[in-house]
Amino acid sequence: KAGVTQTPRYLIKTRGQQVTLSCSPISGHRSVSWYQQTPGQGLQFLFEYFSETQRNKGNFPGRFSGRQFSNSRSEMNVSTLELGDSALYLCASSLGTSGVNEQFFGPGTRLTVL
Amino acid sequence: GEDVEQSLFLSVREGDSSVINCTYTDSSSTYLYWYKQEPGAGLQLLTYIFSNMDMKQDQRLTVLLNKKDKHLSLRIADTQTGDSAIYFCAESNPALIFGKGTTLSVSS
């Protein structure tokens, strides 16, 4: 079974631009969560999607948005990029049922904002 | 608010046991987790424990939970150089709230 895939793996953008990151979950998984990882703040939850609906949202500004498609693939978008948005963005998928929230993580997209 | 705290570094010799500690704040977390991150890789779930358990053993890994003190620990027996990585504990509210991670360095 293929794991979680994220594209692109690396991205360089300049301040003010916008960016879209993609995540394909494990086949059969209906829940996709996004996390931002930085040296200073560590791992922070961005949002979770389940069956195309945002189920949970972290404490990030409105410049960060996401969506999920009917095939469970998810995208996240960051508009008006700031230097502080440079981070590793991790996507995780899970079955989404109640009980153990066993999330499987992708390798991440490394975003650098210049 | 929710907060998960871990010590930042641990250095051990190959063959010794490693113990990584974590404290959490959300007493309503049903499950608590340990994840491992190797350089350049995403996170890998190592093990988890249900909140009504005190201990869980899985091969070389032992998780201890003190719910009264909101303290979680991960013990790695017979630590190997391949265990060198960053270890994160996490609580679920239901999104995962992670600690800052403990860097485990194993010397031969």
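Every chain is numbered from 1 and lettered A, B, ... according to where its sequence line falls, protein lines coming before strand lines.
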Can you name the one residue among B/Ser17, B/Ser18, B/Ser107 that meets side-chain hydrogen bond (donor to acceptor under 3.5 Å, both in side chains) with B/Thr79? B/Ser18
Let's go through A/Tyr49 and A/Phe47 carefully: what are the C-alpha distance in whole Å and the side-chain angles of both, what is the deciding distance for ring pair (Phe, Tyr, Trp, His ring centres under 6.0 Å) to 0.1 Å, and is it a yes or a no? CA-CA 7 Å; A/Tyr49 287 86; A/Phe47 26 65; 5.7 Å; yes
For each of B/Thr30, B/Leu96, B/Leu45, tally heavy-atom pairs with chain A at distances under 4.5 Å, and name the one with the top tally.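 The candidate making the most pairs under 4.5 Å is B/Leu96.
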Is the terminal nitrogen or CZ of B/Lys56 (NZ for Lys, CZ for Arg) located under 6.0 angstrom from the six-membered ring centre of B/Tyr48 and within 45° of that ring's axis?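 Yes, a cation-pi geometry holds between B/Lys56 and B/Tyr48.
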Region of [X] that comes under 4.5 Å of a non-hydrogen atom in chain B:
X: A/Leu43; result: both
X: A/Arg110; result: neither
X: A/Gln6; result: neither

Look up atom OG1 in B/Thr102 and atom NZ in B/Lys100, then write down how far apart they are to the nearest 0.5 Å.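 One finds 12.0 Å between OG1 of B/Thr102 and NZ of B/Lys100.
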Got a second to check how far B/Ile20's CD1 is from B/Thr103's OG1, nearest 0.5 Å?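 Spacing of CD1 (B/Ile20) from OG1 (B/Thr103) equals 9.5 Å.
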At a 4.5 Å cut-off on heavy atoms, which part of B/Gln37 comes close to chain A: side chain, backbone, both, or neither?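 When you check distances to chain A, only side chain atoms of B/Gln37 fall under 4.5 Å.
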Portion of B/Tyr35 that has a non-hydrogen atom of chain A nearer than 4.5 angstrom: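 Side chain only.
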So, A/Glu82 and A/Arg63, do they make that salt bridge, N to O below 4.0 Å?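 So A/Glu82 pairs with A/Arg63 through a salt bridge.
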Please output the residues of residues 69-77 of chain A in contact with chain B, using a heavy-atom cutoff of under 4.5 Å, in numerical order.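 From residues 69-77 of chain A, none sit under 4.5 Å of chain B.
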Give me the other members of the hydrophobic cluster that B/Phe9 sits in, counting Ile, Leu, Val, Met, Phe, Trp and Tyr linked by side-chain heavy atoms under 4.5 Å, directly or via other members. B/Leu8
Parallel, tilted or perpendicular, judged at 30° and 60°: which one describes the rings of A/Tyr35 and A/Phe105?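 Tilted, since the angle between the ring planes falls between 30° and 60°.
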Among A/Leu81, A/Leu114, A/Thr80, A/Leu83, which one satisfies side chain to side chain contact (heavy atoms under 4.5 Å, CB included) with A/Arg15?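 Answer after filtering A/Leu81, A/Leu114, A/Thr80, A/Leu83: A/Leu83.
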